[in-house]
Asker: 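Dropping a structure here in structure tokens format, bear with me for questions.
Keep in mind that what you see is a predicted model, and the values were worked out from it rather than measured. Hydrogens, waters and symmetry mates play no part in the numbers below; they use all other heavy atoms, side chains included. Chain letters run A, B, ... following the sequence lines, proteins first, then strands; residues in each count from 1.
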Amino acid sequence: MPELPEVEYVARQLRQTLVGRTISDARVNWPRTIAHPDVATFCAELPGAHVLGIDRRAKYLLITLSGDQALLIHRRMTGNLLLFPAAADDSPWEEVPDPYCRAVFLLDDGCRLVFTDPRKFGRIALYPTSELSAALHGLGLEPLGEEFTPEALGKLLAGRSRQMKPLLLDQTCIAGIGNIYADESLFRAGIHPLRRAETLTPPEVARLHAAIREVLELGIEHGGTTFGRHQDIWGEAGRNRAHLAVYQRAGEPCLRCGTPLVRVVVAQRGTHFCPTCQPGPAADTLVEAAPTEAEREVASLKERASAEK
DNA sequence: CTATAAACCTGCTGGC
DNA sequence: TGCCAGCAGGTTTATA
């Protein structure tokens with residue numbers, strides 16, 4: 001799934017190929033892909049727009065256009081941005097060789113930037129530059145940015161009772177980490193995914209800070225992690241999968257100590273870790289287990305009974 | 001504040 | 001071999 005490294009890698013590729021081009025036309029096959037404004041306005045605004053720059057914020061890709069506008073793209077689960085060469089004949093709309101094409105941007109050199117997305121979760125928005133910060137409001141620290149320091153991470157964790165895994169996935173805390181790199185970061189730092197945030201020691205915070213950066217930078221270096229769908233703009237898969245230590249390796253030996261890796265579900269997400277290298281939290285640092293549905297039912301029955309007395 | 005679950009979607013996998 | 005339930009996960013929204 002596209003997380004920060006997958007988005008950053010594609011952003012760098014697009015910076016090489018797209019800046020300086022002009023969008024000559026746009027078509028949308030799946031209207032819900034366009035989050036803002038309505039599809040008709042979206043398609044009407046784009047022809048003639050020059051691509052001025054490509055940026056990334058968290059898992060968002062930003063394409064800055066002339067006319068004080070910008071495209072904001074989120075690939076969500078299965079979205080990809082592919083660059084296709086000019087169509088052989090004069091049919092740029094029919095010749096897109098991808099069954100999951102949701103939107104096509106025709107460029108002045110005949111190339112086509114195609115947004116493909118089997119699951120249809122991905123979103124593209126067009127905003128005036130002045131509304132960009134509002135559209136991106138609420139995002140947390142940029143993990144590769146200057147503001148992400150060990151001290152800032154420590155401040156973020158202090159006084160919080162949350163489990164580390166859900167916290168790392170929370171985009172309002174740190175923005176850009178997803179399921180793969182959350183597991184990889186915690187393994188590299190030697191921290192159990194169920195540890196409560198406020199129980200991390202300063203050395204552990206420092207380790208986690210370094211681990212997050214290392215894991216993300218390696219991911220970018222390797223063109224991202226492809227599990228199923230991530231592709232770069234040329235349709236190439238990422239090469240980071242071979243460098244993962246724990247994600248999707250349940251039952252296989254830990255690369256550090258040989259212990260079979262474990263998979264549990266945390267916050268509705270598959271979570272992979274080494275029970276030896278990421279020692280389980282001491283009893284008083286564990287988040288109290290949530291009651292099962294049956295236990296809750298019993299509790300509510302008891303409550304009603306005592307209320308009736 | 002924190003947690004849980006469902007919704008959005010469809011390709012893929014595993015079990016029978 | 002073929003069918004189908006269930007899983008996968010980023011984000012938003014609703015509920016406790």
Side-chain angles (χ1 to χ4, degrees), chain A residues 1-8 10 29-36 56-61 72-81 98-103 115-125 135-140 143 155-184 193-199 216 219 224-231 237 241 244 247-251 263-272 285-300 303-304:
Chain A
M1 320 303 141
E3 303 179 24
L4 185 153
E6 290 73 35
V7 179
E8 175 65 27
V10 163
N29 299 335
W30 183 255
R32 298 193 65 174
T33 299
I34 308 306
H36 180 91
R56 178 194 57 76
R57 169 76 172 106
K59 301 173 191 170
Y60 287 89
L61 183 77
L72 206 53
I73 302 175
H74 199 302
R75 298 161 59 190
R76 293 282 177 91
M77 309 286 297
T78 56
N80 277 317
L81 282 162
D98 191 298
Y100 305 114
C101 165
R102 307 302 179 205
F115 184 72
T116 68
D117 187 17
R119 297 282 293 277
K120 299 175 175 173
F121 286 158
R123 293 291 179 263
I124 303 177
L136 293 169
H137 89 285
L139 287 174
K155 220 171 167 183
L156 204 60
L157 303 184
R160 290 190 175 249
S161 61
R162 300 179 76 180
Q163 297 170 330
M164 284 307 300
K165 174 70 186 277
L167 187 146
L168 289 183
L169 293 176
D170 186 340
Q171 302 299 297
T172 69
C173 295
I174 305 169
I177 300 174
N179 207 34
I180 297 173
Y181 296 98
D183 283 2
E184 294 296 317
L194 298 186
R195 281 283 297 283
R196 287 199 291 164
E198 60 195 354
T199 69
L216 294 177
T225 304
T226 296
F227 252 102
R229 314 229 71 115
H230 159 72
Q231 295 176 307
R241 186 173 174 172
L244 298 180
Y247 185 77
Q248 286 288 309
R249 293 193 64 240
R263 179 186 190 273
V264 296
V265 174
V266 180
Q268 304 181 89
R269 298 286 150 69
T271 297
H272 315 75
T285 66
L286 254 177
V287 173
E288 192 180 337
T292 64
E293 197 176 326
E295 286 171 335
R296 256 179 308 189
E297 215 167 300
V298 171
S300 76
E303 210 170 300
R304 266 171 67 182

Asker: Answer yes or no: is there a side-chain heavy-atom contact under 4.5 Å between A:H272 and A:R249?
Answerer: no

Asker: Using a 4.0 Å heavy-atom cut-off, does A:M1 contact any base of the nucleic acid, only the sugar-phosphate backbone, or nothing at all?
Answerer: sugar-phosphate

Asker: Name the closest nucleotide to the A:S161 side chain, picking from C:dG10, B:dT2, B:dA6.
Answerer: B:dT2

Asker: Looking at every non-hydrogen atom in both residues, tell me the closest pair between A:A267 and A:P166 and how far apart they are.
Answerer: CB-CG, 3.9 Å

Asker: Are A:F227 and A:L244 packed together at the side-chain level, in the sense that at least one heavy-atom pair is separated by less than 4.5 angstrom?
Answerer: yes

Asker: Below the 4.0 Å mark, does C:dT11 have OP1 or OP2 next to a side-chain nitrogen or oxygen of A:Q171?
Answerer: yes

Asker: Measure across A:A125 and A:A35 and return the closest heavy-atom pair with its distance rounded to 0.1 Å.
Answerer: CB-CB, 4.4 Å

Asker: Roughly, in whole Å, what's the span from CG in A:L167 to C1' in B:dC1?
Answerer: 12 Å

Asker: Below the 4.0 Å mark, does C:dG10 have OP1 or OP2 next to a side-chain nitrogen or oxygen of A:R123?
Answerer: no

Asker: Nearest whole angstrom, please: distance from the C1' of C:dT11 to the NZ of A:K59.
Answerer: 8 Å

Asker: So what stems show up for DNA chain B if we need 3 or more Watson-Crick or G-U pairs in a row, all under 3.5 Å?
Answerer: B:2-8 with C:10-16, B:10-16 with C:2-8

Asker: Expressed in angstrom and rounded to an integer, what is the separation of A:N80 atom CG from C:dG10 atom C1'?
Answerer: 15 Å

Asker: What pair of heavy atoms forms the shortest contact from A:K59 to A:L4, and how long is it?
Answerer: CG-N, 4.1 Å

Asker: Side-chain N or O of A:R269 versus OP1/OP2 of C:dA8: is the shortest distance under 4.0 Å?
Answerer: no

Asker: Please confirm whether the shortest side-chain N or O distance from A:H74 to OP1 or OP2 of C:dG10 is below 4.0 Å.
Answerer: no

Asker: Which protein N or O atoms sit under 3.5 Å from an N or O of nucleotides 10-14 of chain B?
Answerer:
| residue | atom | partner | partner atom | Å |
| --- | --- | --- | --- | --- |
| B:dT10 | OP1 | A:K120 | NZ | 2.5 |
| B:dT10 | O2 | A:R119 | NE | 3.2 |

Asker: Any idea which heavy atoms bring A:H74 and A:F115 closest together, and the distance?
Answerer: O-CZ, 4.3 Å

Asker: Quick one: closest heavy-atom pair of A:L72 and A:A135, and the distance?
Answerer: CD2-CB, 3.9 Å

Asker: Just to confirm, is there a sub-4.0 Å distance from OP1 or OP2 of C:dA8 to any side-chain nitrogen or oxygen of A:R263?
Answerer: yes

Asker: Check every strand shown and say whether A:R75 touches a base, only sugar-phosphate, or nothing at a heavy-atom separation below 4.0 Å.
Answerer: nothing

Asker: Taking atom C1' of C:dT11 as reference, at what distance in whole Å does atom CD1 of A:I73 sit?
Answerer: 17 Å

Asker: Whole angstroms only, please: what is the CG-P distance between A:D170 and B:dT4?
Answerer: 14 Å

Asker: Tell me whether the side-chain N/O atoms of A:R160 come closer than 4.0 Å to OP1 or OP2 in B:dT2.
Answerer: yes

Asker: Under 4.0 Å, counting only non-hydrogen atoms across every strand here, what does A:Y181 touch: a base, just sugar-phosphate, or nothing?
Answerer: nothing

Asker: Name the residue closer to the 5' end of DNA chain B, choosing between A:Q268 and A:G159 according to the nucleotide with the nearest heavy atom.
Answerer: A:G159

Asker: Using the P atom in both, what is the distance from C:dC3 to B:dC9, to the nearest Å?
Answerer: 26 Å

Asker: Quick check: closest heavy atoms across A:E3 and A:G178, and the distance to 0.1 Å?
Answerer: OE1-N, 2.8 Å

Asker: Using whole Å, report how far NE2 of A:H230 lies from P of C:dG10.
Answerer: 14 Å

Asker: What is the distance, to the nearest angstrom, from the CG atom on A:L168 to the P atom on C:dG10?
Answerer: 12 Å

Asker: Quick one: A:I180 CD1 to C:dA8 C1', roughly how many Å, whole number?
Answerer: 11 Å

